[in-house]
Amino acid sequence: MFNRKLLFLCLSILFIGYACDDDTFGVPVDDFDYEGQALIDNDSILVFLENHYYNDAIDSVQPLVTGATALINDSRLLTQDVTDFDVDYKLYVFVKNEGSPMPEKGYPTEVDSVLVKYKGQYFNSTVELIDFDERTVNPLWLTLNSVIRGWSHGFTNFKGGENITNNGPITYVNGGKGVLFIPSGLAYGKFGTAGIPPSSSLLFYIELYDVVENTDHDLDSVPSILEDPDGDGDPRNDDTDGDGFPNFLDPDDDNDGIATKDEGGADGDPTNDFNDPNNPTLPDYLNPDIN
Ligand SMILES: [Ca+2]
Ligand SMILES: [Ca+2]
Ligand SMILES: [Ca+2]
Ligand SMILES: [Ca+2]
């Protein structure tokens, strides 16, 4: 990990008698304890889940009362393991409604476009909930690569609703609906943001109305989720031609002057063309020697 390398470098330099402070080489040393904060957040969220329940009558998380099932024991609560920048997190997802059974409304990937409503709250230092943002009247389109990581992963547990528009306003039924419990490291982290203090864990009530399956951000005929040549499930960290634009936002992925969508052969699908006998497993659109 980069920070460990930098620490090693600092130690080496100390050994030969140079000072090593927070901005050695102009690169700030980040000594924030991400793993420790993740554990603190997880403990707080668990305490919260043990002491609250989901009131179905009012669709609200409420303090536990006699006869109710605590969220931690509610079979509708999922635990999702997420690793981000080498830190392991637990994301807790309460699924009130999974979403439409129609297959084409299937689960979004973490880079798909979604139509959502939400209401966000943060946990303060005494694990009370404070409102900070909501979008509860008109749903909003956004893409899951450009939101907090807790959303990117959490929404993949839900499906969209069925469009029942009949020459009137667009309406959806049977959409996904639930609550995300997000540790600060998958939200706004150690800095927080406007209206959210540093290292705050978040609670979001969410509704998922619609999904654009196989969202293709750069319109290059390769779905964004497949623009992941290193296969780690995260298309944000792949930049084949090193031009600063990750492949899923780069219409010419190998910078050979031929747009990726034009390296797809007769069927227009760039993912199944391999014309380099010296490199038979590399698709043409990622191979600058083939154009
Ligand atoms: Ca990747
Ligand atoms: Ca690129
Ligand atoms: Ca691309
Ligand atoms: Ca090529």
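Remember, it's 1-based here, ligands and their atoms both numbered in the order they're listed.
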Work out the angle at the Ca ion (ligand 4) between O of Ile290 and OD2 of Asp254, rounded to 10°. 150°
Taking the Ca ion (ligand 2) as the vertex, measure the angle between atom OD1 in Asp239 and atom OD2 in Asp250; round to 10°. 170°
Is the Ca ion (ligand 2) under 3.0 Å from any N, O or S atom of Phe245? yes
Closest to the Ca ion (ligand 4), which N/O/S atom of Asp256 is it? OD2
Is the Ca ion (ligand 2) less than 3.0 Å from an N/O/S atom of Asp253, whether that atom is in the backbone or a side chain? no
Testing Tyr118, Phe204, Tyr122 for side chain to side chain contact (heavy atoms under 4.5 Å, CB included) with Asp133, which one passes? Tyr118
Give me the ring orientation class for Phe48 and Phe181: parallel if the planes are under 30° apart, tilted from 30 to 60°, perpendicular past 60°. tilted
What orientation do Phe32 and Tyr34 show, parallel under 30°, tilted 30 to 60°, or perpendicular over 60°? perpendicular
Of all the N, O or S atoms in Asp284, the one nearest to the Ca ion (ligand 4) is O
Ignoring hydrogens and geometry beyond distance, is a side-chain donor-acceptor pair present between Asp33 and Gln37 at under 3.5 Å? no
Among the N, O or S atoms that Glu263 has, which is closest to the Ca ion (ligand 4)? OE1
Tell me the angle that OD1 of Asp243 and OD1 of Asp241 form around the Ca ion (ligand 2), rounded to 10°. 80°
Are Asp30 and Lys190 within salt-bridge range, i.e. N to O under 4.0 Å? yes
With a 3.5 Å cut-off and no angle check, do the side chains of Asn272 and Asp267 form a donor-acceptor pair? yes
Please check if any side-chain donor atom of Asn145 sits under 3.5 Å from a side-chain acceptor atom of His217, or the reverse. yes
Under a 4.5 Å cut-off applied to non-hydrogen side-chain atoms, are Asp43 and Val47 in contact? no
Salt bridge flag under 4.0 Å for residues Asp56 and Arg76: yes
Strictly under 3.0 Å of the Ca ion (ligand 1): which protein N/O/S atoms qualify? Asp228 OD1, Asp230 OD1, Asp232 OD1, Asp234 O, Asn237 OD1, Asp238 OD1
Could you tell me whether any N, O or S atom belonging to Asn287 is less than 3.0 Å from the Ca ion (ligand 4)? yes
Exam field: side chain Asp112 to backbone Thr109, donor-acceptor pair closer than 3.5 Å: yes
